[in-house]
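The first residue of the sequence shown is numbered 1, and numbering continues consecutively from there. Because the structure is predicted, anything quoted here is derived from the model rather than measured.
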Amino acid sequence: MIIATAGHVDHGKSTLLQALTGAGSTDRLPEEKRRGMTIDLGYVFLPLEDGQVLGFIDVPGHEKFLANMLAGVDGVQHALLVVACDDGIMAQTREHLAILRLVGIPAITVALTKADRVTPERIASVKSQITDELSTQGWDDCPIFVTAAPQGTGIPELREHLINLYQHRIEDNEASIHRFRLAVDRSFTIKGSGLVVTGTAFSGQVSVGDTLWLTGVNRPVRVRSIHAQNQPAERAGAGERIALNITGDMGKQDVNRGDWLLQQTPPEAGDRVLAILHCDKPLRHWQSVHLHHSVNHITGRISLLQEGAVSAGSDVLVELVLDEALLLAENDRIIVRDISARETLGGARVLLLQPPRRGKRQPEYLEKLNQLSQAQNDMQALQLRLAEGSLSLKAFGWARQLTDDGLQILLTASGCKVVGDTALQQEKVQEFQQRLIDTLRDFHQQHLDQLGVGRARLRRMALPSEPEALVFSLIDMLLADKRLSNSRGWLHLPEFSLAFTPDEQAIWQRIEEIFGDDPYWVRDLAAELALDEQLVRGVLRKAAQLGHITAVVRDRYYLSGRIRQFADLIRTMHTTQGSTCAADFRDRLGVGRKLAIQVLEFFDRSGFTRRRGNDHLLRDQGLFLD
């Protein structure tokens, strides 16, 4: 467990920690020692009787070093607010409290320092001020301890209280299902050991021997040893101060503050995220701001998704437009300060990492974001995302920082259908299958001379934005349930299977006898057989539906066997030269250019090939097979 201090500069945070732990000064930098003021984060530890360790982060109190204070409190579950009795509440006291509230720290203990310098009446007055301020910012019944470090007044009682907090802390039961994530705040080398990086773990667990991904250098590293809470350990996890001795193809000069150690290789960092922003001060659309996330500090802009003025105390949905990409996860907290870095404007909680290009301000979409902002756990977030449609498991796993096992537990509990990287709610399975059937029914009505379509083309027609593997799986389910039929690679509705009447069969036998390798126009066949053109047209359409012939253009037919020969030629040319063009096709077949173009355009329409410039590329080689 880690406890972070907070409070105005020179209110005695470092002195109080020395008295509580018996450790030396937390100030390690020469400039800190010269000025007698904390500038960077300091760490001290209190060994406990059970062999465990209670850790403290000493944060700077001066306004100029607020970025370092922000880096120290992220990921912490308890804070120790320090207020000097002689000064009382000061500007940085209020701002530090606001930051603790905005990063979501649930509990606070208050230590009043320098009690030996004031009267009991003054102590009572400061207590009243603190109680009112805490209540205003959302904390009630916070314990307050009156201390004087030089005399040891109140120190034993405060120490006992903090130890009791540690002993009765609530264990993170979800640590095992979340990925390990640590933001590096220091790096150094130790003779005989090598490179060491330190930070506070955001989530998950790490063990000796694990392989982690180090951003910045973007390569894997191996954990040789671990110090957790200032003592050797085989394993460490969320909420602990951790030092990792790592080995890999890099040196100290390659590791920077703000790099991440991650359990899995991350996606590319984004420069836009959707968030819910609690405003402590009024905001305007497209306002330039400073954004603080863990130890990282960048600038960006606030894009308001809702109309109307944004007043203090309100929660608004926003898009954060980042001047530099940040590696974020859902529910990460971001502190927003004005562009002059003089005041804290509010705190944002990340809702979505990949904003849509359009429609972000539509009422329906804003309602979905509001629902997502109220999700209390990963399961609720999963159910909300599945209700929208198909879900990429890789993207969701990263967004929620779920291990593979943790994600599988959620998927099993949700009962959704999983195909490869995609999950789909059962209600959506039925909806998508009906869309496939309706699309195929419309196709039959509009193309009476075609038996059906290939599965790749059906996907593009019915569900173009859904993953191919998912749609093909849905088609296979429909085939297994006999709600679709497959005839020589062509998908069609079962009721669309036809047969010749005796009269039509007699006419088709006459037509089949004169059909050769060349195509026929309907009118030419009708003239040659001395039959009514409309009668011949009807028989040929039914023959096409039965797969005997194929129309390359309206009313011009090839025997289907000949079309399969053309398809085999295209497959061969795809293997040997990567594509087909009209000139090559014409020369190979010995036909006119116009007919060659008609055949190639037919293959494009059917989904067997696709055109790119003058070339025709193989797209669905499963079509036109015997």
- Item | Residue pairs involving residues 77-88 (criterion salt bridge (Lys or Arg N to Asp or Glu O under 4.0 Å); sequence neighbours excluded) | Asp86-Arg117
Examine distances only and state if a side-chain atom of [X] and a backbone atom of [Y] form a donor-acceptor pair shorter than 3.5 Å.
X: Asp132; Y: Gln129; value: no
X: Lys13; Y: Val82; value: no
X: Thr21; Y: Leu17; value: yes
X: Arg159; Y: Ala19; value: yes
X: Lys368; Y: Arg385; value: no
X: Thr147; Y: Ala111; value: no
X: Ser203; Y: Ala238; value: no

- Query: Thinking salt bridges, do Lys281 and Asp338 make one under a 4.0 Å N-O criterion?
  - Reply: no
- Query: In terms of side-chain geometry, is the basic nitrogen of Asp315 or Arg349 positioned less than 4.0 Å from the acidic oxygen of its partner?
  - Reply: no
- Query: Taking everything shown except Arg235 itself, do over 12 heavy atoms lie less than 6.0 Å from its CZ?
  - Reply: no
- Message: Check this for me: Gln151, atom CD, are more than 12 non-hydrogen atoms of other residues, nucleotides or ligands nearer than 6.0 Å?
- Response: yes
- Task: Could you check whether the rings of Trp260 and Phe202 sit parallel, tilted or perpendicular, using 30° and 60° as the cut-offs?
- Result: perpendicular
- Message: Does the plane of the ring in His161 sit parallel, tilted or perpendicular to the ring in Phe145? Use 30° and 60° as the thresholds.
- Response: tilted
- Taking atom types as modelled, find out whether Gln18 and Ser14 have a side-chain donor-acceptor pair closer than 3.5 angstrom. no
- Message: Suppose we screen for side-chain hydrogen bond (donor to acceptor under 3.5 Å, both in side chains). Which residues come up paired with Thr136, at least two apart in sequence or across chains?
- Response: none
- Test salt bridge (charged side-chain N to carboxylate O under 4.0 Å, His left out) on Arg94 and Asp280 and set out the steps. CA-CA 12 Å; Arg94 290 189 172 88; Asp280 279 359; over 6 Å; no
